[in-house]
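These notes concern the structure reproduced below.
Residue numbers begin at 1 in each chain, while the letters A, B, ... track the order of the sequences. Values reported hereafter were calculated over all heavy atoms of this structure, with side chains retained and with hydrogens, waters and symmetry mates removed. A quick note: this is a predicted structure, and the numbers were derived from the prediction, not measured.
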2 protein chains.
Amino acid sequence: MAKRKNISAAQAWEQALTSVSRLLQKFDSNMQDKAGVSVIWYDVLLHLHHAPEKKMRMQMLSKSLVLTRSGVTRLVDRIEKAGLVRREAAVEDRRGYYAILTDEGEEALAEAQEVHRKDIRTHFGARLDKAEQQAVFNLMSKLRFED
Amino acid sequence: MAKRKNISAAQAWEQALTSVSRLLQKFDSNMQDKAGVSVIWYDVLLHLHHAPEKKMRMQMLSKSLVLTRSGVTRLVDRIEKAGLVRREAAVEDRRGYYAILTDEGEEALAEAQEVHRKDIRTHFGARLDKAEQQAVFNLMSKLRFED
DNA sequence: CGTGAATGTTTGCAATGTCAATAGTTGTCA
DNA sequence: TGACAACTATTGACATTGCAAACATTCACG
């Protein structure tokens, strides 16, 4: 790895923020253009896809989302209107609702995923070798935090 | 560094996105609470601060911003209304305008920066040693791209 | 020059996001 | 039981964003 002059924590953070943010914007517009789904929708669909029975309580979903923790009611409203998700009252707690991935939602997700994988390959995978990718994962894991 | 099982490019990206996004949300709410300025405003103020004569053409500013590339006219409207920035017609091109950092804007920036530096120290600096910070910088630089 | 394409910024309007207030439900504990 | 706090999700009111259209100015070139 090339030697460079010493960097401050702020500069490192700045660089991470900028790169991630720009990449995300790129991924988003690509996904929107080619699969008709924004990364925010993708975020929702993916979480549901991985959830048991492909369903999640609104609150759980809201806490899991990476982008946007608020406005989930309306976000789900919109995705529901597009038919990619449906709602179902929770039998065990009548205050609650589940958001459930529909078959149509699965399909949309698959399509989005295809676009996304290609983007990751060309913009991320192609610029970092395996060891570097591993390093990114490890370093970023250390920064992870829940709230 | 601890040994872990092999990770895919997608997982590494996912981790980077999640950590950066969560940290940013934290930084934003802290800055908002303690300095009355969002990271988006901070982004604007900081860019102006670093620009020659602390002024930038709208378009240049818009392209430099890390978060949000659109809606800059209105964003500047709001910041202007708060007195942290002012506009001035460009003499050399009468289509253009400069956004200029005011003294009040400098002050707000300084305050925000103080909050931000502390946040970076506790959430970023404290979790990664110098070498790791350097690694983050180097790796993220490789992902950088302009459009 | 004069005319049309290109550039820089703002505006109108619809879509999206935020936050506090509300409605309905559950849980606790005397 | 019954009263009150805590929880879940939605709603209303309002702020912010996104995008195409409009404006004003400059540029290119016959």
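Mapping Leu75(A) and Arg94(A) onto DNA chain C via the closest heavy atom, the residue that lands nearer the 5' end is Leu75(A). Residues Gly96(B) and Asp93(A) each lie close to DNA chain C; by heavy-atom proximity, the contact nearer the 5' end of the strand is made by Gly96(B).
In this structure, Val91(A) shares a hydrophobic cluster with no other residue, the cluster being traced through Ile, Leu, Val, Met, Phe, Trp and Tyr side chains under 4.5 angstrom apart.
Ser8(A) pairs by the side chain to side chain donor-acceptor pair (under 3.5 Å) definition with Gln11(A), not counting sequence neighbours. Applying the side chain to side chain contact (heavy atoms under 4.5 Å, CB included) criterion to Glu88(B), with sequence neighbours excluded, gives Arg86(B), Ile100(B).
Expressed to the nearest 0.5 Å, how far CG of Asp43(A) lies from OG1 of Thr68(A) amounts to 8.0 Å. From Glu106(A), atom CD reaches atom NE2 of His49(A) across 5.5 Å, with rounding to the nearest 0.5 Å.
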Anything under 3.5 Å between a protein N or O and an N or O of nucleotides 10-12 of chain D, put it in a table, one pair a line.
residue, atom, partner, partner atom, Å
dT10(D), OP1, Arg87(A), NH1, 2.6
dT10(D), OP2, Thr73(A), OG1, 2.8
dT10(D), OP2, Arg87(A), NH1, 3.2
dG12(D), N7, Arg74(A), NH2, 2.6
dG12(D), O6, Arg74(A), NH1, 2.4

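Geometrically, Arg57(A) does not engage Tyr97(A) in a cation-pi contact, judged by NZ or CZ lying under 6.0 Å from the ring centre and within 45° of the ring axis.
The aromatic rings of Phe27(A) and His123(A) are tilted relative to each other, their planes meeting at an angle between 30° and 60°.
Contacts between residues 35-57 of chain A and DNA chain D, defined by a heavy-atom separation under 4.0 Å, are made by Arg57(A).
Along DNA chain C, read 5' to 3', the first and last nucleotides having any atom under 4.0 Å from a heavy atom of chain A are dT16(C) to dT26(C).
In this structure, the CD atom of Glu92(B) is 15 Å from the P atom of dT25(D), given to the nearest Å.
At the phosphate of dC7(D), neither OP1 nor OP2 sits under 4.0 Å from any side-chain N or O atom of Gln59(A).
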